[in-house]
Amino acid sequence: MELVIISAIIYGAIITGAIAEAIGRTKNRSGFWWGFFLSWLGIIVVACMQTNNDNNINKSYANKSKYEKLEQLQKLKEIKAITEQEFEKEKEKVLNRWE
């Protein structure tokens, strides 16, 4: 009887770990151990995690040259994602960093 209970607990941990891993993959993260050790709470934790790509986008912008940043700002202005005033403000920031 005890073996059946232990087997059920381990089997349940593996299933919740697999579910957390599947959710984590959609966010480019690993989630198996969260689900394995924390069960349903681990699944919720993984589901609330931020996608790894978001951090990479911010880092890649920081590594761009001033010309690449200005080009990106110009494109945003052309598609009307930012106003002329926002463009000028951000352009000043970029240019002042490089002096």
J.: Pick out which of Val4, Ile5, Ile9, Leu3 makes a side-chain contact (heavy atoms from CB on, under 4.5 Å) with Ser7.
T.: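 Only match with Ser7 under side-chain contact (heavy atoms from CB on, under 4.5 Å): Leu3.
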J.: Keeping to residues at least two apart or across chains, list the ring-ring contact (aromatic ring centres under 6.0 Å, His included) pairs with something in residues 10-29.
T.: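 Qualifying pairs, neighbours excluded: none.
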J.: Do the non-hydrogen side-chain atoms of Val46 and Ile19 ever get within less than 4.5 Å of each other?
T.: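 The answer is no, as the side chains (C-beta and beyond) never meet within the 4.5 Å cut-off.
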J.: Taking the side chain as every heavy atom from C-beta outward, state whether Trp34 and Leu41 have any pair of such atoms under 4.5 Å apart.
T.: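 They are not in contact (no side-chain heavy atoms under 4.5 Å apart), so the answer is no.
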J.: Between Glu21 and Phe36, is there a side-chain heavy-atom distance shorter than 4.5 Å?
T.: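 Heavy-atom side-chain distance check fails, nothing below 4.5 Å.
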J.: Could you check if a side-chain atom of Gln85 sits within less than 4.5 angstrom of a side-chain atom of Lys89, using non-hydrogen atoms only?
T.: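 They are not in side-chain contact.
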J.: Quick one: do Leu38 and Ile10 end up in the same hydrophobic cluster if we chain Ile, Leu, Val, Met, Phe, Trp and Tyr together by side-chain heavy atoms under 4.5 Å apart?
T.: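 Unlinked, Leu38 and Ile10 end up in two clusters.
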J.: Using a strict 4.0 Å threshold on nitrogen-to-oxygen distance, state whether Lys91 and Glu88 make a salt bridge.
T.: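 Yes, this pair counts.
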J.: So, taking the atom named NZ in Lys75 and the one named CZ in Phe87, what distance separates them when rounded to the nearest 0.5 Å?
T.: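 Output value for this atom pair is 13.0 Å.
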J.: Among the clusters formed by ILVMFWY side chains lying less than 4.5 Å apart, do Ile6 and Phe37 turn up in the same one?
T.: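 Per the 4.5 Å side-chain linkage, Ile6 and Phe37 are co-clustered.
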J.: Identify the two heavy atoms, one from Ala20 and one from Gly31, that lie closest to each other, and give their separation to 0.1 Å.
T.: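 It is CB-O, 3.1 Å.
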J.: Between Glu90 and Lys93 (salt bridge meaning N to carboxylate O under 4.0 Å), is one present in this structure?
T.: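 Looking at Lys93 together with Glu90, the answer is yes, because their closest N to O distance falls below 4.0 Å.
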J.: Determine whether a donor-acceptor pair (N or O, by modelled atom type, separation under 3.5 Å) exists between the side chain of Lys27 and the backbone of Ala47.
T.: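 Confirmed, Lys27 side chain pairs with Ala47 backbone.
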J.: Are Val94 and Ile82 connected in the hydrophobic side-chain network, where two residues link if heavy atoms are under 4.5 Å apart?
T.: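 The answer is yes; both residues are in one hydrophobic cluster.
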J.: Is Thr16 reaching over with its side chain to a backbone N or O of Trp40, donor-acceptor style, under 3.5 angstrom?
T.: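 Not a single qualifying donor-acceptor pair exists.
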J.: Under a 4.5 Å side-chain heavy-atom rule over Ile, Leu, Val, Met, Phe, Trp and Tyr, are Ile44 and Ile15 clustered together?
T.: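 Shared cluster, no.
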J.: Shortest non-hydrogen contact from Gln50 to Arg29?
T.: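 Taking Gln50 first and Arg29 second, the nearest heavy atoms are O-NE, 2.7 Å.
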J.: Compare every heavy atom of Leu95 with every heavy atom of Leu70, then report the nearest pair and how far apart it is.
T.: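 The answer is CD1-CD2, 3.9 Å.
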J.: Which distance, rounded to the nearest 0.5 Å, do you find between the OH of Tyr67 and the CD of Gln74?
T.: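 If we round to the nearest 0.5 Å, Tyr67:OH and Gln74:CD are 15.5 Å apart.
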J.: How many angstroms lie between NZ in Lys69 and CD in Gln72, if you round to the nearest 0.5 Å?
T.: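 Rounded to the nearest 0.5 Å, the NZ-CD separation comes to 9.5 Å.
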